Amino acid sequence: MTALVAKDIVAGYVPDLPILKSVSLTAETARVTVIIGPNGAGKSTLIKAIAGLVPVSSGTVSLHGQKITNPRPDRMGALGVAYVPQSDNIFRSLTIRQNLDLVLRNAGKEAAARRDALFAQFPALADKQAEKAGALSGGQRQFLAVAMALAINPSVILMDEPSAGLSPKAAQEVLEYTRALTENGVTILLVEQNVKQALRLADQCYILADGRNQVDGAAQDLLNDPVVGQIYLGGKRVAPA
Amino acid sequence: MIGVISYLVFFATVASILSIAVLGLNLQWGNTGLFNGGVVAFFGAGAYGTLILGGTPQAGQMGGFELPYLIALLGGMVISGIVAWVVGLLTLRLRHDYLAIATFGVAVAFETVMRNSDWLGGAQGIRGFERPLRDALGNGFSYNLAFLAFVLVVLIGIYLFLERLIASPFGRLLRAIREDETAARSLGKSPSRIRLTAFVAGSVIMGLAGGLYATFYAFISPQDVLPILTFQIWAMLIVGGAGNNKGAVMGTFLIWAAWTASGWALSRFAPMDVQLYTGSIQFVLIGLVIVGMLMWRPQGLFPEKLVVSQSAKDK
Amino acid sequence: MIQNLVDGVLVGSILSLGAIGLTMAMHMLRFANFSHAELLSIGAYAALVFDGLFGAIHPALAEAIPPLSLTWSLSIAILISMALTGVSAVLIDRLVFKRVRAKGGELSMVFASFGVAMIIRNILGLIFGLSPKLYSQDIVFAIVVSRDPFLLIKPDQVFTLVAALLIMVILHVILSRTTFGYALRAVAENPSLAQVSGINLSRMIVLIWLIGGGLAAAAGVFYGLTNQINPVLGRDLVLPIFAATIVGGIGSIYGAVLGGFIVGLASNLALVILPSGYSPAVPFLIILAVLIVRPHGLFGEERT
């Protein structure tokens, strides 16, 4: 089953200068789909375009078969899509508890119970709930960001380089946790720099370069593909597959 | 008939002086994107500087150095430049709001100090200035005509200077900074230093306008450096079209004509009890001109010809 | 000296109220709003109108609440004025700033705000006249609190200070205890993350104008109550309020509160050494001092 489909997306901040020239992608339900590619390929832009933060000038995005192209970013949560930005993904001046209460503020009576459930899931955060989120370590921040994403009971989570700036151990923890989320039926669309690690945990992989699709396929196959190795080791562009 | 001509000479002189100030603002705002909320402070510094350096001694006042006129005028410009340099140094690295607020503050502080310091003329202002070459030209119409010619020469000189400056690599750099600061920085230039240069240069030009203004009236007082002058000068630039020197001059003559005409019409035709509010009505009008232009024609009546971005990117 | 301190705290509380709204709008919409202080004038005059109206409807309302000169009708008028001024702020944004925002850059907004300030200020002058007005013609004598050092306080000043502090405490409770408050702080810290966290930014902008306008109205009335109301009230207060936001750091609500008190105290203490004519220049000196020592203010963050 497909959860999220992006078709022939053209998008960018300035109308005449698209960063994404034509990108298509399908994320299967309860699977991890990873987007990789060299710097400037448009990976983050793609995720932001899906989240409604970068205007899509042509192409469509659909969620469970329904068109949601250019959504209002604040309505994505209601559609069941959570977005975890790469950096600055928590409110540093609010406490951990306030961060969660903020995303739960439309949950009404359920809010307290859902917050407690999240604290049960992330005991390390529960211990520090009255502290300013800005005081957390990098790994803990990432977990808080994930907890904030989970607060809305999403069916799809978009994540922009969750392992960026983390120690290898913390990065591993975050990525493994992300993988585990699919067991509850959550669809994950992930941008990663950490290619090997990403391919190991992902099901499906898309490689972008210069705003276009280059290669895609099962993550396992790409992991053993010499061409993929060449892109990342040699940094050369490959002809479209 | 001679009355009309003599009024036209008077009008053209003031409008030309203001045009010089508007050109200075255009260098800052139009070409570099720097917001100057206190044009009067720099205009006033030039005016006060010129009269203090070039005037005759007055009891209880600083100055009266009786320097030769051109040196006094230059001195006024230098004083404007120093004020601009200090303000610019403190604010140009920060968010643009800070420059707007700080320059607005300079103008308030300048007026306050001038009004309260008797050694700087106080509320009465500074008199005792001998207009240059008065002996040769007399005090009447012929003097005014000669002074207009002098002002026009200065205006044309500043205009040509700015046109050449804008066409120069430095001018391209200014516009590059205005349009995309990060790109400009990536060219290896220090945007804050270049902005400071442009800010000081623009303020010096305003100081020159102030010096000429004070020369023309042989008198300056805090009443001449009220905030409204800043708004008028802006309105002239916005109406003319920021970035375009020709537009700036045309905007100046247009707005100054509209201002004096509306003042005259209000004082002539408005009932007596409304007379007191003439100023308020004119201020509302100039506010509407500024807001209206920004809403409906932000590029001004005579917009800048856009050849800019490409050359900035090629560099 | 002690008199200057007390007066400084009073003026400071008024500046704080004005600066809170300014710092929020400045941070979110990223422009220095030179028309914010005119909201104080709108608030002061709106309260004057409704005060007169209620007094005319029911004479008992026009009676002062002893020992203040504040009447019952003015107390109600303050609340109505806060609401009306908040709505005016939203309308000004709709009519002018929103359109300029759509057309041009942040600096065009600064220009526009100067134009708006000039229009509001002079229209108020045309409607209400250029001469100062008072809420009450009754003379309320100041109470001599102490003869050595000499200290005079008017009951209205005590009321103003208490009311201003109360408003700030209410605001603090909202910011630190309610999810609406978290949302306000979230928007101030990171608008784009706030948006993906489900916060509707354009609704938030409306709310910020409402709150900012309401607080400004209260500040305007308090200023009128302890001084006098005149059309140039906004012109006289715009620089001190800006100074307060810069001292506190643009975007910091708590910084704006502290900044207001600092500017109020400094301006009044400056009178000890400076002739009073120079006091309009004091906020500028404070701004310069902050820019030299700590350019991003007490609680501000570095952002360009």
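Only a predicted model underlies this, so the values are computations on that prediction, with no experimental measurement involved. Just so you know, these numbers use all the heavy atoms, side chains as well, and skip hydrogens, waters and symmetry mates. We name chains A, B, ... by the order of the sequence lines, and we start the count at 1 in each one.
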Enquirer: Of the non-hydrogen atoms in C:Glu189 and A:Arg92, which two are nearest, and what is the gap between them?
Expert: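 C:Glu189 and A:Arg92 have their closest heavy atoms at OE2-N, 2.7 Å.
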Enquirer: Pick one of side chain, backbone, both or neither for A:Ile152, based on which atoms fall under 4.5 Å of a heavy atom in chain C.
Expert: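 Neither part, no heavy atoms under 4.5 Å.
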Enquirer: Between C:Tyr182 and A:Leu94, what is the shortest heavy-atom contact and its length?
Expert: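 What the structure gives for the nearest pair is O-CD1, 4.0 Å.
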Enquirer: Identify the two heavy atoms, one from C:Ala183 and one from A:Arg105, that lie closest to each other, and give their separation to 0.1 Å.
Expert: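 Residues C:Ala183 and A:Arg105, closest heavy atoms: CB-NE, 4.3 Å.
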Enquirer: Measure the shortest side-chain to side-chain distance between A:Leu102 and C:Ile199 over non-hydrogen atoms and say whether it is less than 4.5 angstrom.
Expert: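 When only atoms from C-beta onward are counted, C:Ile199 and A:Leu102 do touch, with a gap below 4.5 Å.
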Enquirer: Only heavy atoms, only distances under 4.5 angstrom. Which residues in residues 49-58 of chain A are near chain C?
Expert: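 Under the 4.5 Å heavy-atom cut-off, A:Leu53 qualify.
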Enquirer: Using a cut-off of under 4.5 Å for heavy-atom pairs, which of C:Ala194, C:Ser192, C:Gly181 has the most such pairs with chain A?
Expert: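 Among the listed options, the one with the most contacts to chain A is C:Ala194.
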Enquirer: For chain C, which residues of residues 69-87 of chain A have at least one non-hydrogen atom nearer than 4.5 Å to it?
Expert: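 Residues A:Arg72, A:Pro73, A:Asp74, A:Tyr83, A:Pro85 are the ones that qualify, each having a heavy atom under 4.5 Å from chain C.
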Enquirer: Looking only at heavy atoms, which of residues 82-96 of chain C get nearer than 4.5 Å to chain A?
Expert: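 The stretch does not come within 4.5 Å of chain A.
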Enquirer: Got a second to check how far C:Leu193's CG is from A:Phe91's CZ, nearest 0.5 Å?
Expert: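 C:Leu193 atom CG to A:Phe91 atom CZ measures 3.5 Å (nearest 0.5 Å).
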Enquirer: Once side chain to side chain donor-acceptor pair (under 3.5 Å) is applied, do any residues pair with A:Gln204, and if so which ones, sequence neighbours excluded?
Expert: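 Partners of A:Gln204 by the side chain to side chain donor-acceptor pair (under 3.5 Å) criterion come out as none, since no residue qualifies.
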Enquirer: Would you name the heavy atoms of C:Ser176 and A:Gln98 that are closest together and state the gap between them?
Expert: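 Minimum heavy-atom separation between C:Ser176 and A:Gln98: O-NE2, 3.5 Å.
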